[in-house]
Protein chains: 2
Amino acid sequence: MAKSRKTTKTTHADSAGRTTVQLKARRSNLEDRKLLSPEDALRTEGLFKMLANDTRIRLLHHLVRSREASVGDIANALDMKPQAVSNQLQRLSDTGMVASRREGVSVFYRVKNGCVAPLLDLALCLMDAEGCDSASR
Amino acid sequence: MAKSRKTTKTTHADSAGRTTVQLKARRSNLEDRKLLSPEDALRTEGLFKMLANDTRIRLLHHLVRSREASVGDIANALDMKPQAVSNQLQRLSDTGMVASRREGVSVFYRVKNGCVAPLLDLALCLMDAEGCDSASR
DNA sequence: TCACTATTACACGATATCGTGTAGTAGTGT
DNA sequence: ACACTACTACACGATATCGTGTAATAGTGA
């Protein structure tokens, strides 16, 4: 992107077809040592905003688990109306988080942005470690 | 918490006084293999919601960097009105993300919830790796 | 007590969010 | 063309968010 931080990303799929992202030189708190520009703050806000919703979290989690799913599948799995699912998928698509593929009458969605899975994973992990009573707004 | 997942957290402070959180048995995508309960989704939403704001991100980032800061300090550093800063800090305090300490007329805030730093760190890291055009709403 | 500073409580208004219902489109088969 | 399914576009209403301005509170010193 604009600024170059020396982060190396290694993405590979294991036998189960699952994607693992390894971050080298992650050196925790590396980013915390330099000032956070308003632009970066806005980009980060945009990223977290997409994850800051009950529905989208379950939706994305479902997509991460199943690699690909149609609107109807998801609506059925999450017990939601297709419109609501399509709504959120549209939003997620606009921000580049997911991508779609048409097959007959169905439209299959998949996670596109690599930030989703790791962040979801870390969040769930950390929420266990911490009490994270933070939940109920 | 309610459910027990075998995650081990190790927190320690190095010579510089910075806290590092190591997660053992993190095994990426572990959480993605079991169904995400609506409750967990809500808790995760709550966590991400606190990070889904321009102001709070800069605020938390500042707190992570300086370990502790008063309302006035932050307002000054981020070029914001004290009320706005206090507002957000209040919200962050309600959700257990930060804690406060009074010293004279000033109130010093610090990051309390261990999820904050790692998530911020990972997000910034990943946004570099990915294009993450996702930003602009 | 008075003045002063730092912080907070609260109501207001502008804006954003999200599910719903209705209507529309695309693809497929008859 | 017609019916049917899967999805989407859009307007609406309820609710949430967030900075602002005003007023209140807490701490400190004269």
Side-chain angles (χ1 to χ4, degrees), chain A residues 38 41-60 62-63 66 68-95 97-110 134-137, chain B residues 38 41-60 62-63 66 68-95 97-110 134-137:
Chain A
L42 276 176
R43 292 202 307 145
T44 314
E45 171 185 349
L47 178 57
F48 281 131
K49 248 187 181 29
M50 285 301 105
L51 297 172
N53 173 262
D54 175 33
T55 300
R56 283 194 295 270
I57 289 173
R58 301 203 300 147
L59 205 150
L60 286 170
H62 183 77
L63 280 183
S66 55
E68 209 177 42
S70 71
V71 177
D73 289 343
I74 303 172
N76 193 43
L78 305 188
D79 193 35
M80 293 181 55
K81 316 226 171 204
Q83 304 103 307
V85 173
S86 182
N87 262 343
Q88 297 304 336
L89 283 173
Q90 206 59 37
R91 186 183 299 255
L92 289 169
S93 181
D94 286 345
T95 51
M97 312 290 278
V98 302
S100 59
R101 171 182 70 85
R102 172 148 228 150
E103 185 176 307
V105 295
S106 299
V107 177
F108 287 86
Y109 282 86
R110 65 188 177 279
S134 56
S136 56
R137 185 265 328 289
Chain B
L42 276 175
R43 292 203 306 144
T44 314
E45 171 184 350
L47 178 57
F48 280 130
K49 248 186 180 30
M50 284 301 106
L51 297 172
N53 174 261
D54 174 34
T55 300
R56 284 195 294 271
I57 289 173
R58 300 203 301 148
L59 205 150
L60 287 170
H62 183 78
L63 279 183
S66 56
E68 209 176 43
S70 70
V71 178
D73 289 342
I74 303 173
N76 194 43
L78 305 188
D79 192 34
M80 293 181 56
K81 315 224 171 206
Q83 304 103 308
V85 174
S86 182
N87 261 344
Q88 298 303 336
L89 283 173
Q90 206 58 37
R91 185 183 300 253
L92 289 169
S93 181
D94 287 344
T95 52
M97 311 289 280
V98 302
S100 60
R101 172 182 70 85
R102 172 147 229 151
E103 185 176 306
V105 294
S106 300
V107 177
F108 287 86
Y109 283 86
R110 65 187 176 281
S134 56
S136 56
R137 189 275 325 287

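A note on names: the letters A, B, ... follow the listed sequences, proteins ahead of strands, and every chain is numbered from 1.
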Contacts of type salt bridge (charged side-chain N to carboxylate O under 4.0 Å, His left out), residue A/Arg101, not counting sequence neighbours: A/Glu68, A/Glu103

B/Arg56 or A/Pro82, whichever maps to the more 5' nucleotide of DNA chain D: A/Pro82

From CA spacing to verdict: side chain to side chain contact (heavy atoms under 4.5 Å, CB included), A/Lys49, B/Lys49: CA-CA 7 Å; A/Lys49 248 187 181 29; B/Lys49 248 186 180 30; over 6 Å; no

Residues 69-77 of chain A, side-chain donor-acceptor partners within the protein, below 3.5 Å, at least two apart:
| from | atom 1 | to | atom 2 | distance (Å) |
| --- | --- | --- | --- | --- |
| A/Ser70 | OG | A/Asp73 | N | 3.2 |
| A/Ser70 | OG | A/Asp73 | OD1 | 3.4 |
| A/Ser70 | OG | A/Asp73 | OD2 | 3.1 |
| A/Asp73 | OD2 | A/Ser70 | N | 3.4 |

Atom-to-atom span, CD of A/Gln90 to C1' of C/dT25 - whole angstrom: 13 Å

Listed partners of A/Asn87 passing side chain to side chain contact (heavy atoms under 4.5 Å, CB included), at least two apart: none

Exercise: identify the closest heavy-atom pair between A/Leu60 and A/Val98: CD2-CG1, 3.9 Å

Rounded interatomic separation in angstrom, taking CE from A/Met50 and P from C/dA16: 13 Å

Separation of atom CG in A/Asp73 from atom C1' in D/dA6, rounded to whole Å: 11 Å

Between C1' of C/dA6 and CZ of B/Phe108, the distance in whole Å: 11 Å

C/dT7 OP1/OP2 closer than 4.0 Å to side-chain N/O of B/Ser70: yes

Rounded distance in Å - CZ (B/Phe48) to P (C/dT17): 17 Å

Nearest heavy-atom neighbours spanning A/Val107 and A/Ser100: CG1-CB, 3.8 Å

Residue list, ring-ring contact (aromatic ring centres under 6.0 Å, His included) with B/Phe48, at least two apart or on another chain: A/Phe48

Interatomic distance, A/Ile74 CD1 vs D/dA6 P [rounded to whole Å]: 14 Å

Distance test, side-chain N/O of B/Tyr109 to OP1/OP2 of C/dT8, below 4.0 Å: yes

Contact state string [nucleotides 19-30 of chain D, B base, S sugar-phosphate only, - no protein heavy atom under 4.0 Å]: BBBB----BS--

Separation of atom CD in A/Glu45 from atom C1' in D/dT17, rounded to whole Å: 11 Å

Euclidean distance, atom CG of residue A/Leu89 to atom P of C/dC18 [Å, nearest integer]: 13 Å

